[in-house]
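Bear in mind that the values here come from a model prediction, so they are computed numbers and not experimental data.
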Amino acid sequence: MNKIFGFTALLVLSFVLCACGLSSKTGPREGAEGFYYMEGLSGFHQGDYAYAEDCFKRVLKLNPQNDAALYYLGNIRYFQGNTTQALDYMKAAARADTSNYWYQTQIAQLYLSNRQIAAAIEVYEDLVARHPRKSDLYYDLANLYLNRKDTEKALALLDHIEEMNGASESTGLYRFNLLLMQEKPDEAIQWMEQMADTYASPRTFAILGDFYAESGKDSLALACYHQAVALDPDCIPAVFGLAEMYRMRRQYDLFFQNMYLIMDHADVDASLKKDFMEQLMQNRAFVGTFLPQVDSLFAKMYHCHPTDTSLVYFYAGFLVQAGKEKTAVEVLEQHAARYPQDAMAWSQYMSIHHFLQDWDKLHALAREARQRFPKDPHFVSMEGLAVWQLGSVPEAILLFERVLPMAKGNPGLLAQTYSILGDLYYLTKTPRKSFKAYEQSLKFDPDQVRTLNNYAYFLALEGKKLNKAYEMSKKTIDAEPQNPTYLDTFGWILHVMGRHQEAKAIFRQVMMYGGRELGAEVLDHYAEVLFALKEYDLAFVYWEQAKAREKNPELEKKITLRKTQMKP
């Protein structure tokens with residue numbers, strides 16, 4: 001029967017002979033079969049599975065026993081997610097060439113992908129019987145036995161491997177793991193201690209150190225880790241074991257010394273480093289105490305993997321938390337320059353300027369990003385936010401109105417855009433247009449708290465539909481009961497409705513949750529509520545605080561007026 005590689009080589013030779021003008025002894029039928037096979041192979045490797053499938057099926061019409069065509073059809077079905085048909089094709093290929101070892105292993109793998117462990121074991125047992133000298137098969141079969149927790153059969157196979165090839169460090173470590181699976185820890189550690197004498201390798205000492213560490217035998221663990229590192233300074237499992245031991249012993253200088261080695265090591269996977277740092281960051285007290293050292297860990301990790309996107313964003317986030325915004329900007333700027341066609345890289349770079357309220361820079365970046373990514377509404381929105389903050393409300397409105405047709409099919413973005421337009425229209429003193437935009441926002445997201453809050457607040461300012469404003473505002477504080485902005489709106493609506501005592505209770509919560517930091521307007525609101533309750537002294541205390549927060553001639557005129565309006 002045909003062999004995949006041999007068959008291909010013969011066809012290539014046939015084409016070369018034809019191209020050289022020599023007569024080929026291949027008949028028309030065989031020539032067509034070879035042509036379609038090569039076309040199918042080309043389509044398969046280019047990812048054009050529809051074309052490849054058509055070609056391979058033409059091959060089978062000419063020769064139903066072409067095992068290579070059956071094999072590739074099986075692969076196509078597998079890549080398409082149809083493992084049942086993939087298995088049927090692979091079995092047909094194996095029947096067409098019963099001596100092909102590769103087809104049988106692929107059948108076993110397909111059984112495993114369908115979680116048919118027993119069927120996979122049956123295939124491997126047959127392969128072991130037919131190829132008794134292939135040690136890899138024994139390991140694969142042993143792993144399948146372990147999957148079924150059949151450790152006795154796995155041990156028997158391991159014994160057979162050692163009989164064939166002799167004992168080795170690999171078989172010794174495999175036996176150690178089997179003993180652990182059999183819940184025989186004492187036998188397992190005795191075996192590993194023998195292994196350490198027989199195979200004095202860094203890996204053996206590192207594993208033994210881990211076992212001692214888990215058993216609470218710290219001194220023995222440290223000794224093993226040191227032996228591993230003495231044999232190989234780059235034995236990362238041992239270096240990490242040392243770091244953990246020193247951390248547990250509160251020897252933090254030695255802990256960081258070893259962790260620096262790990263973060264500096266290019267062969268250690270970036271995702272493992274990131275996972276470790278994420279866990280470390282959860283201990284805020286530790287990070288706060290050792291911020292310079294943690295900063296160094298981050299820096300070493302970043303400089304070792306500067307192109308890893310998720311790690312770059314993680315590092316930038318840490319820098320912002322650590323008050324190193326300038327460095328964070330540089331990191332994200334370099335990342336955007338490294339990946340100029342990556343929209344996410346640009347978005348992250350722009351986001352930090354939004355965080356820093358650097359509106360001029362954000363505006364410039366957003367305009368450039370819009371040219372690079374003209375179909376991405378996110379960058380239009382970012383420019384809209386920038387020009388709004390720079391004071392150009394009409395230009396911001398034009399930009400956000402431009403987002404709407406780009407956001408079709410994206411309810412979340414439509415809700416957000418209409419919400420912002422509602423704010424902007426209100427600033428242009430067109431409340432009817434503003435409220436219409438808010439209604440559109442709520443159609444796409446009825447629970448959009450930002451829209452509910454602003455809509456409710458502006459209705460209260462207009463003195464319209466106060467019951468509706470109350471219901472909308474109530475939804476926001478139910479969703480976020482400690483948000484001082486939403487509580488302020490709710491308290492103000494109660495005041496406008498004449499429910500001053502209830503409003504006072506709400507404003508106490510506003511102050512409790514940081515309302516003073518929101519600015520003069522909130523303090524003015526609370527003062528108005530207190531004034532309505534004739535608590536004049538306290539009302540003027542809050543008005544004085546509002547005046548200290550913001551120089552506002554209108555507010556000062558109102559305070560002067562209120563002094564003339566006090567009633568006994």
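A salt bridge links Glu535 with Lys504: at least one charged nitrogen is closer than 4.0 Å to a carboxylate oxygen. At a threshold of 4.0 Å, the pair Lys443-Glu439 does not count as salt-bridged, since none of the basic side-chain nitrogens sits closer than that to a carboxylate oxygen. Using a 4.0 Å cut-off between charged side-chain N and carboxylate O, Lys558 and Glu554 make no salt bridge. Under a 4.0 Å N-O distance rule, the pair Asp376/Arg370 does not qualify as a salt bridge. Lys474 and Asp478 are joined by a salt bridge, as a carboxylate oxygen and a charged side-chain nitrogen come within less than 4.0 angstrom of each other. Looking at Glu480 and Arg450, no side-chain N of the basic residue comes within less than 4.0 Å of a carboxylate O on the acidic one, giving no salt bridge.
At least one donor-acceptor pair under 3.5 Å links the side chain of Arg549 to the backbone N or O of Arg516. The backbone N or O of Thr430 sits nowhere less than 3.5 Å from a side-chain atom of Ser434 that would complete a donor-acceptor pair. At least one donor-acceptor pair under 3.5 Å links the side chain of Ser351 to the backbone N or O of Ser347. The main-chain N or O of Val387 is never found under 3.5 Å from a side-chain atom of Ser392 such that the two would form a donor-acceptor pair. Distance alone, capped at 3.5 Å, places no donor-acceptor pair between the Lys547 side chain and the Leu555 backbone. Thr564 contributes a side-chain N or O that, together with a main-chain N or O of Leu561, makes up a donor-acceptor pair within less than 3.5 Å. Thr428 places a side-chain N or O within 3.5 Å of a backbone atom of Tyr425 that can act as its donor or acceptor partner. Without hydrogens or angle criteria, Ser215 side chain to Phe211 main chain gives a donor-acceptor distance under 3.5 Å. Judged by distance alone, the side chain of Tyr339 and the main-chain N or O of Thr307 form a donor-acceptor pair under 3.5 Å. At distances below 3.5 Å, at least one donor-acceptor pair connects side-chain atoms of Tyr536 with backbone N or O atoms of Lys567.
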Legend entry - Pair Tyr302-Asp308, side-chain contact (heavy atoms from CB on, under 4.5 Å): steps then yes or no: CA-CA 8 Å; Tyr302 167 68; Asp308 187 288; over 6 Å; no
Exercise. What do the steps show when you test Leu404 against Leu421 for side-chain contact (heavy atoms from CB on, under 4.5 Å), and what is the final call?
Worked result: CA-CA 10 Å; Leu404 294 175; Leu421 282 169; 3.9 Å; yes
Check the pair Glu471, Lys468 against salt bridge (Lys or Arg N to Asp or Glu O under 4.0 Å), reporting the backbone distance first and the verdict last. CA-CA 5 Å; Glu471 293 298 330; Lys468 179 174 182 173; over 6 Å; no
(request) Evaluate salt bridge (Lys or Arg N to Asp or Glu O under 4.0 Å) for Lys324 paired with Asp295, printing each intermediate quantity in order. (result) CA-CA 10 Å; Lys324 294 189 169 185; Asp295 186 11; 2.2 Å; yes
- Just do the side-chain contact (heavy atoms from CB on, under 4.5 Å) check on His500 and Leu530 with the steps written out, would you? CA-CA 8 Å; His500 309 305; Leu530 293 168; over 6 Å; no
Open item on the list: Apply side-chain contact (heavy atoms from CB on, under 4.5 Å) to residues Asp445 and Thr451 and explain how you reach the verdict.
Closed with: CA-CA 9 Å; Asp445 184 359; Thr451 305; over 6 Å; no
Under the side chain to side chain donor-acceptor pair (under 3.5 Å) rule, what do Asp210 and Tyr225 come out as? Steps first, then yes or no, please. CA-CA 8 Å; Asp210 289 343; Tyr225 291 140; 2.5 Å; yes
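Side-chain contact check for Tyr470 versus Arg499: some heavy-atom pair is nearer than 4.5 Å. Side-chain contact check for Val380 versus Glu383: every heavy-atom pair is 4.5 Å or farther apart. Two residues are said to be in side-chain contact when any heavy atoms from C-beta on lie closer than 4.5 Å; Cys304 and Asp264 fail this criterion. Side-chain contact check for Met245 versus Asp218: some heavy-atom pair is nearer than 4.5 Å. By the 4.5 Å heavy-atom criterion applied to side chains, Phe373 and His378 are not counted as neighbours. Ser381 places a side-chain heavy atom less than 4.5 Å from the side chain of Phe400. Looking only at side-chain heavy atoms (C-beta outward), Val287 and Leu291 come within less than 4.5 Å of each other. In this structure the side chain of Met277 reaches within 4.5 angstrom of the side chain of Met263, judged on heavy atoms.
Taking the six-membered ring wherever Trp is involved, the centroid distance between the rings of Trp359 and His353 does not fall below 6.0 Å. Ring-centre distance between Phe298 and Phe314: below the 6.0 Å cut-off. Remark: aromatic rings of Phe435 and Phe458 are distant, center separation not under 6.0 Å. When ring centroids are compared, Phe286 and Phe290 come within the 6.0 Å threshold.
With a 6.0 Å cutoff to the six-membered ring centre and a 45° limit on the axis angle, Lys217 does not count as a cation-pi contact of Tyr212. In this structure, Arg562 satisfies the cation-pi test against Phe531, with its NZ or CZ atom closer than 6.0 Å to the six-membered ring centre and inside 45 degrees of the ring normal.
Interatomic distance, Leu311 CG to Ser271 OG, rounded to the nearest 0.5 Å: 9.5 Å.
Taking a 6.0 Å sphere around CE of Met248, one finds it holds 12 or fewer heavy atoms contributed by other residues, nucleotides or ligands. Annotation: Arg367, atom CZ; neighbour count of heavy atoms from other residues, nucleotides and ligands within 6.0 Å does not exceed 12. In this structure, Asp253 places its CG atom where more than 12 heavy-atom neighbours from other residues, nucleotides or ligands lie under 6.0 Å away. By the 6.0 Å contact criterion, NZ on Lys436 is open, its count of non-hydrogen atoms from other residues, nucleotides or ligands being 12 or less. No more than 12 heavy-atom neighbours from other residues, nucleotides or ligands sit within 6.0 angstrom of OH on Tyr78.
In plain terms, the two heavy atoms of Gly491 and Ala503 that are nearest each other are O-CB, 3.3 Å. A pairwise comparison of heavy atoms in Val320 and Ala328 identifies CG2-CB, 3.9 Å as the closest pair. A pairwise comparison of heavy atoms in Pro233 and Val239 identifies O-CG2, 3.9 Å as the closest pair. A pairwise comparison of heavy atoms in Val294 and Phe256 identifies N-CE2, 4.2 Å as the closest pair. A pairwise comparison of heavy atoms in Ala407 and Leu413 identifies CB-CD2, 3.6 Å as the closest pair.
For the residue pair Asp524/Tyr542, the side-chain donor-acceptor check at 3.5 Å is not satisfied. In the model, Tyr426 has a side-chain atom that pairs as donor or acceptor with a side-chain atom of Glu462 under 3.5 Å. There is no side-chain donor-acceptor pair under 3.5 Å between His265 and Lys273. If you check the side chains of Thr476 and Asn453, you find no donor sitting under 3.5 Å from an acceptor. At a cut-off of 3.5 Å, with distance as the only test, no side-chain donor of Gln293 or Tyr260 sits close to an acceptor on the other residue. Under the 3.5 Å distance criterion, with hydrogens and angles disregarded, a donor-acceptor pair is assigned to the side chains of Asp423 and Tyr438. Ser441 and Ser419 share no side-chain donor-acceptor pair at under 3.5 Å.
Here the rule is ring-ring contact (aromatic ring centres under 6.0 Å, His included) with His525, and of Trp492, Phe490, Trp543 only Trp492 fits it.
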